[in-house]
Amino acid sequence: MNSDKKNTKTPKKPKYNMLQNTCYFIALACKEKEKKVPVICLLLAGFTVISNLINLYISPVILGIVEQRNSISRLLITILFFAAVMMLCSALLAYINTNALYGRMTVRTAVAQKLNKKAATTSYSNVDNQEFIRLCAKTRSIVGSNSASSEAIWDTLTQLLQNSIGFLIYIFLLSSVNFAMITVILATTLTGYFVSKYVNSYEYHHRDEVAEYENKVCYIRDRAKDYSAAKDIRIFGIRPWLEELYEKALNSYLSFWRRAEGIYIWSRITDLVLSFLRNGVAYLYLIRLVLADELTASQFLLYFTAVGGFTAWVYGILDNLVTLHRQSLDICTVRECLEYPERFRFEEGEELICSSHKNCEIRFENVSFRYLGADSDILSNINVTLHPREKLAIVGLNGAGKTTFVKLLCGLLDPTDGRILLDGRDIREYNRRDYYCMFSAVFQNFSLLPASIAENIAQSTTNIDLSKVKQCAEKAGLCSKIESLPAQYETLMNREVFEEAVMLSGGEMQRLMLARALYKDAPVIVLDEPTAALDAIAEADMYQKYDEMTAGKSSVYISHRLASTRFCDRIILIENGGISETGTHEELLKQGGQYARLFLVQSKYYQKGKSHEEDSE
């Protein structure tokens with residue numbers, strides 16, 4: 001059903017044509033200091049045509065010398081001349097081809113780097129945008145190998161150029177025979193071209209469908225080999241389920257390509273019929289001229305070979321155009337991805353100077369937010385102010401919008417309605433990267449770099465302040481663990497890259513992320529469930545250090561455990577998309593509202609656990 005709907009969707013017209021994409025790549029090669037790439041294309045095309053002309057004329061010329069009964073010496077000189085020129089052309093072509101690869105790889109790598117930078121620096125809202133995700137998925141295959149469009153386009157341009165030069169030379173040669181024959185050849189090849197062009201655009205018109213299948217296959221494969229999921233896969237026995245999901249996703253992907261191949265086969269059958277008609281007419285006409293004694297043996301051989309060559313040039317041009325069209329569609333995808341609209345201001349935004357002890361006020365003014373495609377707002381009409389050096393706690397049930405609130409605060413998302421003000425200025429006016437520097441954050445989801453522990457804490461590979469790294473690790477309660485390791489702060493992380501890498505426990509990873517946040521030393525600290533993987537003793541230890549960690553800074557703390565919010569200056573309860581209660585821990589308990597009821601429920605579990613421990617003693 002879904003597949004049928006996608007197939008009936010109106011095809012999206014490419015944003016750029018073949019000429020624009022060709023010029024784009026030539027300009028990119030020049031920008032990357034690889035001007036030799038288009039120059040090599042010209043040289044390859046020129047010497048290939050010269051080599052073809054030598055092969056075309058060598059037999060007729062030698063046959064003509066024999067027909068005219070010229071001397072043996074002239075025959076040998078002619079043969080030696082053609083042989084020398086052929087050897088020279090072959091040597092030059094081999095040398096140029098050897099040096100063509102490196103420059104083309106440089107250009108493809110530059111495209112890949114641009115795509116990686118786009119994905120790494122794009123507005124955070126694009127990360128959850130399905131259209132942008134599909135574009136990124138499609139570009140992987142476009143820059144993933146030497147045969148990918150971003151590199152193969154140079155071969156196509158070279159062949160198109162040589163076919164075009166050969167076409168002009170051969171049409172001049174055959175014009176002395178019969179223009180009607182040329183017309184038939186052109187008509188049949190043009191018909192074949194338009195059929196092929198229509199068929200080869202099938203994949204582009206269904207690129208969203210292909211990207212969706214590829215995303216599913218890659219996601220399941222990546223999750224299955226993810227070390228963090230290994231325990232769950234084994235304990236819950238979900239390997240058969242993952243294999244079933246992968247098989248279904250792969251079958252859907254293969255089913256699409258079976259449909260596409262069926263269309264491509266009919267295109268090839270049509271091309272075969274047209275080729276038979278095209279060559280048959282030309283050969284019959286030349287044979288008739290020979291039978292009428294209007295062509296000599298050497299002329300017949302020349303024109304007979306030229307007809308086949310002319311057909312190959314024409315077909316080559318059209319085939320190259322079809323290939324270039326397909327590669328141009330791929331390049332369109334790359335350019336659309338690179339030019340995907342950014343919702344945030346970056347370099348064009350106003351500069352924001354940030355210091356570690358900057359006193360700032362952040363105010364939510366009638367802020368509402370709705371995720372793309374959602375039916376309702378997850379947060380509605382939020383009005384709250386984070387005062388300088390204030391410790392603010394955000395609590396609420398799962399799905400209440402606490403993490404969304406923090407993402408809005410950090411500038412990862414922009415409000416659907418309302419404004420977020422930094423010291424009275426709308427944050428959308430600033431360079432968003434400068435605004436990010438205002439925050440040291442520990443989120444529920446985080447990235448682990450394939451680098452040393454010190455580099456993971458410092459988020460850098462150069463100019464690392466090791467004494468500061470140790471201080472932050474000490475504050476986060478991770479110092480003793482790190483110093484117990486053989487390589488200590490030089491211990492490698494991420495076993496997907498380094499076989500000798502260590503694997504920290506969940507609680508130790510949270511402490512590592514806390515140390516990372518402390519090292520950044522931003523004026524606002526954001527902790528989103530920082531104790532979720534800690535035991536009760538480790539959690540209590542972190543609470544005791546909280547004042548020290550946040551000294552002189554504003555802080556926002558999210559937790560499901562209401563007892564852990566006592567050390568905060570103010571607590572906000574988010575419920576039904578809005579702020580339902582606000583105050584200190586004691587004030588909210590006295591109000592007897594939802595906060596008090598939730599705290600009572602949670603405290604019963606703690607008391608129940610305590611009584612069980614006492615009974616066991």
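Model, not experiment: these values are computed from the prediction.
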In sequence, state the C-alpha distance, the side-chain angles, and the governing distance for Gln459 and Lys520, and then conclude on side-chain contact (heavy atoms from CB on, under 4.5 Å).
CA-CA 9 Å; Gln459 293 285 276; Lys520 185 178 180 182; over 6 Å; no

Side chain [X], main chain [Y], donor-acceptor under 3.5 Å:
{"X": "Thr139", "Y": "Cys136", "value": "yes"}
{"X": "Glu151", "Y": "Ala148", "value": "no"}
{"X": "Ser255", "Y": "Asn251", "value": "no"}
{"X": "Thr416", "Y": "Arg370", "value": "yes"}
{"X": "Asn17", "Y": "Gln20", "value": "yes"}

Could you tell me which non-hydrogen atom of [X] sits nearest to which non-hydrogen atom of [Y], and how far apart they are?
{"X": "Cys41", "Y": "Thr158", "answer": "SG-OG1, 3.2 Å"}
{"X": "Asp128", "Y": "Ile133", "answer": "C-CD1, 4.2 Å"}
{"X": "Asp330", "Y": "Ser149", "answer": "OD2-OG, 2.6 Å"}
{"X": "Ser328", "Y": "Met18", "answer": "OG-CA, 3.5 Å"}
{"X": "Ile331", "Y": "Tyr24", "answer": "CG2-CD2, 4.5 Å"}
{"X": "Asn21", "Y": "Cys332", "answer": "ND2-SG, 3.5 Å"}

Is any side-chain heavy atom of [X] closer than 4.5 Å to a side-chain heavy atom of [Y]?
{"X": "Val502", "Y": "Met493", "result": "yes"}
{"X": "Ile40", "Y": "Trp154", "result": "no"}
{"X": "Tyr436", "Y": "Phe344", "result": "yes"}
{"X": "Leu53", "Y": "Tyr170", "result": "yes"}
{"X": "Gln159", "Y": "Thr48", "result": "no"}
{"X": "Asn55", "Y": "Met86", "result": "yes"}
{"X": "Glu212", "Y": "Phe256", "result": "no"}
{"X": "Gln162", "Y": "Ser51", "result": "no"}

Could you walk me through whether Arg134 and Asn215 satisfy the side chain to side chain donor-acceptor pair (under 3.5 Å) test, starting with their C-alpha distance in whole Å, then the side-chain angles of each, then the deciding distance to 0.1 Å, before giving a yes or no?
CA-CA 8 Å; Arg134 284 193 293 267; Asn215 277 341; over 6 Å; no

Ion pair Glu350/Arg345, N-O distance below 4.0 Å:
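No, this pair does not count.
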
Please determine whether a side-chain nitrogen of the Lys or Arg among Asp414 and Arg432 lies less than 4.0 Å from a carboxylate oxygen of the Asp or Glu.
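Arg432 and Asp414: salt-bridged.
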
Whether over 12 other heavy atoms sit under 6.0 Å from [X] [atom1]:
{"X": "Tyr371", "atom1": "OH", "result": "yes"}
{"X": "Tyr219", "atom1": "OH", "result": "no"}
{"X": "Leu372", "atom1": "CG", "result": "no"}
{"X": "Phe346", "atom1": "CZ", "result": "yes"}
{"X": "Arg221", "atom1": "CZ", "result": "yes"}

What distance do [X] atom [atom1] and [Y] atom [atom2] have between them, rounded to the nearest 0.5 Å?
{"X": "Ser145", "Y": "Arg108", "atom1": "OG", "atom2": "CZ", "result": "6.5 Å"}
{"X": "Leu160", "Y": "Phe167", "atom1": "CG", "atom2": "CZ", "result": "12.0 Å"}
{"X": "Glu455", "Y": "Thr462", "atom1": "CD", "atom2": "OG1", "result": "9.0 Å"}
{"X": "Ile142", "Y": "Thr333", "atom1": "CD1", "atom2": "OG1", "result": "4.5 Å"}
{"X": "Leu135", "Y": "Leu338", "atom1": "CG", "atom2": "CG", "result": "10.0 Å"}
{"X": "Ile171", "Y": "Trp313", "atom1": "CD1", "atom2": "CH2", "result": "14.0 Å"}

side-chain contact (heavy atoms from CB on, under 4.5 Å) for Asn146 and Leu101? Distances and angles first, verdict last.
CA-CA 9 Å; Asn146 298 110; Leu101 178 63; 4.0 Å; yes

Leu449 and Asn494: CA distance, side-chain angles, deciding distance, side-chain contact (heavy atoms from CB on, under 4.5 Å) verdict:
CA-CA 7 Å; Leu449 302 177; Asn494 198 324; over 6 Å; no

Give the C-alpha distance, both sets of side-chain angles, the deciding distance and a yes or no for side chain to side chain donor-acceptor pair (under 3.5 Å) between Ser123 and Glu342.
CA-CA 6 Å; Ser123 301; Glu342 296 292 349; 2.6 Å; yes

Full working for salt bridge (charged side-chain N to carboxylate O under 4.0 Å, His left out) between Glu347 and Arg433:
CA-CA 8 Å; Glu347 282 69 20; Arg433 294 192 182 94; 3.0 Å; yes

Walk me through whether Glu339 and Tyr16 qualify under side-chain contact (heavy atoms from CB on, under 4.5 Å).
CA-CA 12 Å; Glu339 297 167 8; Tyr16 301 101; 2.5 Å; yes

What orientation do Phe132 and Tyr340 show, parallel under 30°, tilted 30 to 60°, or perpendicular over 60°?
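Geometry flag for Tyr340 against Phe132: tilted rings.
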
